[in-house]
Amino acid sequence: MVFSRDKGATVRLVGTAPIDYKSMTLNNPERLVIDLEGKWQVKAPGVPKNPLITNVRLGKFADKTRVVIDLSGKPAHTRYILSKDKMSLDIRVDQ
């Protein structure tokens, strides 16, 4: 799910098992990459109009699922918030 906010957006990943992830930031073009360990049954969400996130793409590998969040520019802040039960991960990007 992607939630639009006044000065950014939040991408929420919800799992059926605890989420184990690694993240990185790539430039030219700006994007965030989240690797989910294990096999996940996920679909790319629709992206509502917002100031930063332009697209969310998925790639499946033998041992992980990659989520790529395309950005319109470099965010001022990026936060990864894993729920206490580790069943959901919010990626917040702000201008």
Side-chain angles (χ1 to χ4, degrees):
M1 299 176 151
V2 180
F3 302 98
S4 181
R5 294 189 312 356
D6 191 29
K7 296 192 177 200
T10 299
V11 175
R12 178 167 292 155
L13 305 176
V14 179
T16 56
I19 295 173
D20 182 16
Y21 75 97
K22 293 180 181 146
S23 63
M24 65 181 134
T25 303
L26 300 175
N27 308 95
N28 294 326
E30 298 289 332
R31 57 209 182 279
L32 303 174
V33 177
I34 300 93
D35 285 336
L36 303 173
E37 297 299 321
K39 293 185 180 183
W40 293 87
Q41 297 296 322
V42 291
K43 296 184 292 187
V47 178
K49 184 171 173 48
N50 70 83
L52 280 174
I53 297 174
T54 59
N55 194 21
V56 177
R57 299 178 284 130
L58 301 172
K60 296 196 182 228
F61 300 90
D63 60 342
K64 67 184 172 189
T65 297
R66 176 164 283 179
V67 179
V68 178
I69 302 170
D70 295 317
L71 304 171
S72 60
K74 187 174 180 85
H77 302 286
T78 302
R79 289 181 47 202
Y80 297 87
I81 305 164
L82 188 60
S83 65
K84 286 185 181 185
D85 64 4
K86 297 186 178 185
M87 298 298 273
S88 70
L89 174 67
D90 282 1
I91 302 103
R92 292 183 57 146
V93 291
D94 295 298
Q95 286 181 315

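FYI, side chains are in, hydrogens and waters are out, and symmetry mates aren't considered; it's all heavy atoms of this structure.
- Using modelled atom types, one side-chain atom of S83 and one backbone atom of S88 make a donor-acceptor pair closer than 3.5 Å.
- Taking Ile, Leu, Val, Met, Phe, Trp and Tyr as hydrophobic and joining them when side-chain heavy atoms fall under 4.5 Å apart, one finds F61 isolated, its cluster having no other members.
- If you take CG on N50 and CZ on F3, they are separated by 12.5 Å, rounding to the nearest 0.5 Å.
- Between I91 and L32 the shortest side-chain heavy-atom distance falls below 4.5 Å.
- Residues V67 and V47 share a hydrophobic cluster, clusters being chains of Ile/Leu/Val/Met/Phe/Trp/Tyr side chains in contact below 4.5 Å.
- Distance CZ/R31 to OG1/T54: 11.0 Å, rounded to 0.5 Å.
- As a member of the Ile/Leu/Val/Met/Phe/Trp/Tyr network built from side-chain separations under 4.5 Å, M87 groups with nothing else and remains a singleton.
- Legend: residues meeting side-chain contact (heavy atoms from CB on, under 4.5 Å) with P75, ordered by chain and number and at least two apart, are L52, L71, T78, V93.
- Under a hydrophobic-cluster definition in which Ile, Leu, Val, Met, Phe, Trp and Tyr are linked whenever side-chain heavy atoms come within less than 4.5 Å, directly or via other members, I81 and V11 are assigned to different clusters.
- Closest approach of V56 and V2 over heavy atoms only: CG2-CG2, 4.1 Å.
- Scanning all heavy atoms of the two residues, the minimum distance from P51 to S72 falls at O-OG, 2.9 Å.
- Contact detail for A9 and I53: the closest heavy-atom pair is CB-CD1, 3.6 Å.
- Annotation: salt bridge (Lys or Arg N to Asp or Glu O under 4.0 Å) contacts involving residues 45-56, sequence neighbours excluded, are absent.
- Considering CZ of R92 and CZ of R12, their distance stands at 10.0 Å, rounded to 0.5 Å.
- For residues 53-66, the pairs satisfying salt bridge (Lys or Arg N to Asp or Glu O under 4.0 Å) are D35-K64, D35-R66, R57-D70, with sequence neighbours left out.
- The shortest distance between side-chain heavy atoms of I34 and I69 falls below 4.5 Å.
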Pair up each side-chain donor or acceptor in residues 13-29 with any protein partner under 3.5 Å, not counting sequence neighbours, and list the distances.
residue : atom : partner : partner atom : Å
N27     : ND2  : E30     : OE1          : 3.2
N27     : ND2  : E30     : OE2          : 3.1

